[in-house]
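Submitted below is the structure of interest, expressed as structure tokens.
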Amino acid sequence: MYIAIAGNIGSGKTSLTGILAERTGARAYYEDSDNPYIGDFYEDMNRWSFNLQIYFLGQRIREAAAILSEGADLIQDRTIYEDAYIFDLATGLIRKPDLLIYLKASVPTLVKQIKKRGRAYEASIQEGYLEQLNRKYEEWINNIYQGEVMTIDVDTVNFIENPSLLDGVVARIAEFKTRGR
């Protein structure tokens with residue numbers, strides 16, 4: 001089974017990936033936060049956005065190829081399908097996740113979580129940018145992505161402090177595996 005976690009910056013993708021991998025026995029794949037363009041991007045988005053996205057796209061294509069070759073149960077922190085909203089070409093090469101878990105969070109929640117993890121390159125992220133990304137995620141989830149989606153409202157479900165709130169998610173994953181999806 002292939003499960004992907006999607007959501008805005010600071011929504012909890014990495015945390016959820018780790019918790020679900022531990023609870024389901026699946027292998028976790030994490031987004032690489034060592035993108036050499038990320039700091040420059042937050043300083044000058046217009047100048048560095050293409051470089052950043054191309055780096056992420058290449059990384060995710062390599063990651064997806066490794067995932068598909070394993071054949072085991074996998075949970076991936078962010079996928080090529082989020083990038084495919086901009087770059088359609090690669091989605092024909094990569095299998096769609098059996099389940100996409102979308103972490104929906106308000107801008108105040110995102111800002112709080114971004115500050116909490118303390119990555120220096122994220123300190124200059126503007127709230128307007130996070131709001132714009134939220135709108136794009138909503139558009140993508142509601143009108144573009146065509147696959148099985150489970151939404152977790154991060155504003156009301158604090159699975160980091162209370163992992164038992166994920167019991168329903170873990171049960172649904174087990175149900176998917178039973179059905180052979």
Side-chain angles (χ1 to χ4, degrees), residues 1-21 23-33 35 49-50 52-107 109-110 129-157 159 165-181:
M1 171 163 222
Y2 172 28
I3 299 167
I5 312 296
N8 204 340
I9 302 162
S11 63
K13 295 177 299 295
T14 302
S15 297
L16 182 61
T17 298
I19 292 167
L20 290 179
R23 291 192 57 189
T24 64
R27 171 138 188 235
Y29 273 85
Y30 296 98
E31 179 180 36
D32 179 8
S33 60
N35 185 319
S49 61
F50 182 77
L52 178 85
Q53 285 301 321
I54 290 298
Y55 181 89
F56 275 139
L57 185 62
Q59 172 202 4
R60 291 190 184 118
I61 288 172
R62 284 188 300 277
E63 216 172 65
I67 286 171
L68 294 174
S69 70
E70 285 199 18
D73 291 338
L74 304 159
I75 299 176
Q76 184 181 20
D77 169 5
R78 199 174 305 263
T79 73
I80 197 164
Y81 280 87
E82 291 166 78
D83 295 319
Y85 183 54
I86 298 167
F87 298 101
D88 297 319
L89 172 66
T91 58
L93 306 172
I94 307 302
R95 180 180 126 203
K96 188 181 302 179
D98 296 308
L99 175 64
L100 179 77
I101 300 174
Y102 169 50
L103 299 180
K104 180 178 181 173
S106 67
V107 171
T109 296
L110 296 171
Y129 178 66
L130 295 172
E131 184 62 45
Q132 179 183 21
L133 288 177
N134 269 352
R135 284 193 302 274
K136 289 184 181 291
Y137 268 104
E138 287 296 313
E139 170 70 14
W140 178 63
I141 290 293
N142 294 322
N143 301 315
I144 296 168
Y145 184 76
Q146 298 188 5
E148 187 79 26
V149 177
M150 176 190 291
T151 300
I152 298 175
D153 184 346
V154 178
D155 291 342
T156 59
V157 178
F159 57 82
L165 293 173
L166 295 174
D167 290 348
V169 176
V170 173
R172 188 158 177 203
I173 291 169
E175 181 182 313
F176 264 86
K177 288 173 69 171
T178 302
R179 290 190 309 197
R181 290 200 71 174

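Just so you know, these numbers use all the heavy atoms, side chains as well, and skip hydrogens, waters and symmetry mates.
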Within the distance-only criterion (no hydrogens, no angle test), does the side chain of Asp77 pair as donor or acceptor with the backbone N or O of Thr17 below 3.5 angstrom?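 The answer is no, because no donor-acceptor pair under 3.5 Å joins these two groups.
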Give the C-alpha distance, both sets of side-chain angles, the deciding distance and a yes or no for side-chain contact (heavy atoms from CB on, under 4.5 Å) between Leu20 and Ile173. CA-CA 9 Å; Leu20 290 179; Ile173 291 169; 4.2 Å; yes
Looking at CD1 of Ile141 and OH of Tyr137, how far apart are the two atoms once the value is rounded to the nearest 0.5 Å?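 Rounded to the nearest 0.5 Å, the CD1-OH separation comes out at 8.5 Å.
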State, with a plain yes or no, whether a side-chain heavy atom of Leu16 is found less than 4.5 Å away from one of Ile75. no
Which atom names give the shortest non-hydrogen contact between Ile9 and Leu133, and what distance separates them? CD1-CD1, 3.8 Å
In Å and rounded to the nearest 0.5 Å, what is the OG to CD1 distance from Ser11 to Ile152?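 One finds 10.0 Å between OG of Ser11 and CD1 of Ile152.
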Residues Glu131, Lys136: salt bridge by 4.0 Å N-O rule: no
Counting N and O atoms only, with roles assigned by atom type, does the side chain of Tyr2 sit under 3.5 Å from a partner on the main chain of Leu74, one being a donor and the other an acceptor?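 Side chain of Tyr2 to backbone of Leu74: no pair is present.
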Calculate, to the nearest 0.5 Å, the distance between atoms OG1 and CG belonging to Thr109 and Leu103 respectively.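 If I round to the nearest 0.5 Å, the distance is 11.5 Å.
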Please check this pair: side chain of Lys96 against backbone of Gln146, looking for a donor-acceptor N/O pair closer than 3.5 Å.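 Present.
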Under the rule for side chain to side chain contact (heavy atoms under 4.5 Å, CB included), what residues qualify as partners of Asp153, not counting sequence neighbours? Asp155, Thr156
Non-neighbouring partners of Gln132 that pass side chain to side chain donor-acceptor pair (under 3.5 Å), sequence neighbours left out: none
For Tyr102, what residues pass the side chain to side chain donor-acceptor pair (under 3.5 Å) criterion, not counting sequence neighbours? Glu138
Assess the residue pair Val170 and Asp167 against the criterion (side-chain contact (heavy atoms from CB on, under 4.5 Å)); give the C-alpha distance rounded to whole Å, side-chain angles, the decisive distance to 0.1 Å, and a yes or no. CA-CA 5 Å; Val170 173; Asp167 290 348; 5.6 Å; no
Is the shortest heavy-atom distance from the side chain of Leu100 to the side chain of Met150 under 4.5 Å? no
Least distance between heavy atoms, Leu99 atom then Met1 atom: CB-CE, 4.5 Å
Do the side chain of Lys13 and the main chain of Asn8 share a donor and acceptor less than 3.5 angstrom apart? yes
CA sep, side-chain torsions, deciding dist, call: Glu148, Arg172, side-chain contact (heavy atoms from CB on, under 4.5 Å): CA-CA 12 Å; Glu148 187 79 26; Arg172 188 158 177 203; 2.5 Å; yes
Sub-4.5 Å side-chain heavy-atom contact between Ile5 and Gln76: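 Contact flag for Ile5/Gln76 side chains = no.
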Please enumerate all residues that pass side chain to side chain contact (heavy atoms under 4.5 Å, CB included) together with Ser49, with sequence neighbours excluded. Phe41
Residues which pass side chain to side chain contact (heavy atoms under 4.5 Å, CB included) with Ser15, listed by chain and number, not counting sequence neighbours: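 Ser15 satisfies side chain to side chain contact (heavy atoms under 4.5 Å, CB included) with Phe159, Ile160 only.
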Kindly write out the residues that satisfy side chain to side chain donor-acceptor pair (under 3.5 Å) with Arg27, not counting sequence neighbours, or none if the list is empty.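 Only Tyr29, Glu70 meet the side chain to side chain donor-acceptor pair (under 3.5 Å) criterion with Arg27.
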What I'd like to find out is whether the side chain of Ile3 reaches to under 4.5 Å of the side chain of Asp98, using heavy atoms alone.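 Not touching, per the 4.5 Å side-chain cut-off.
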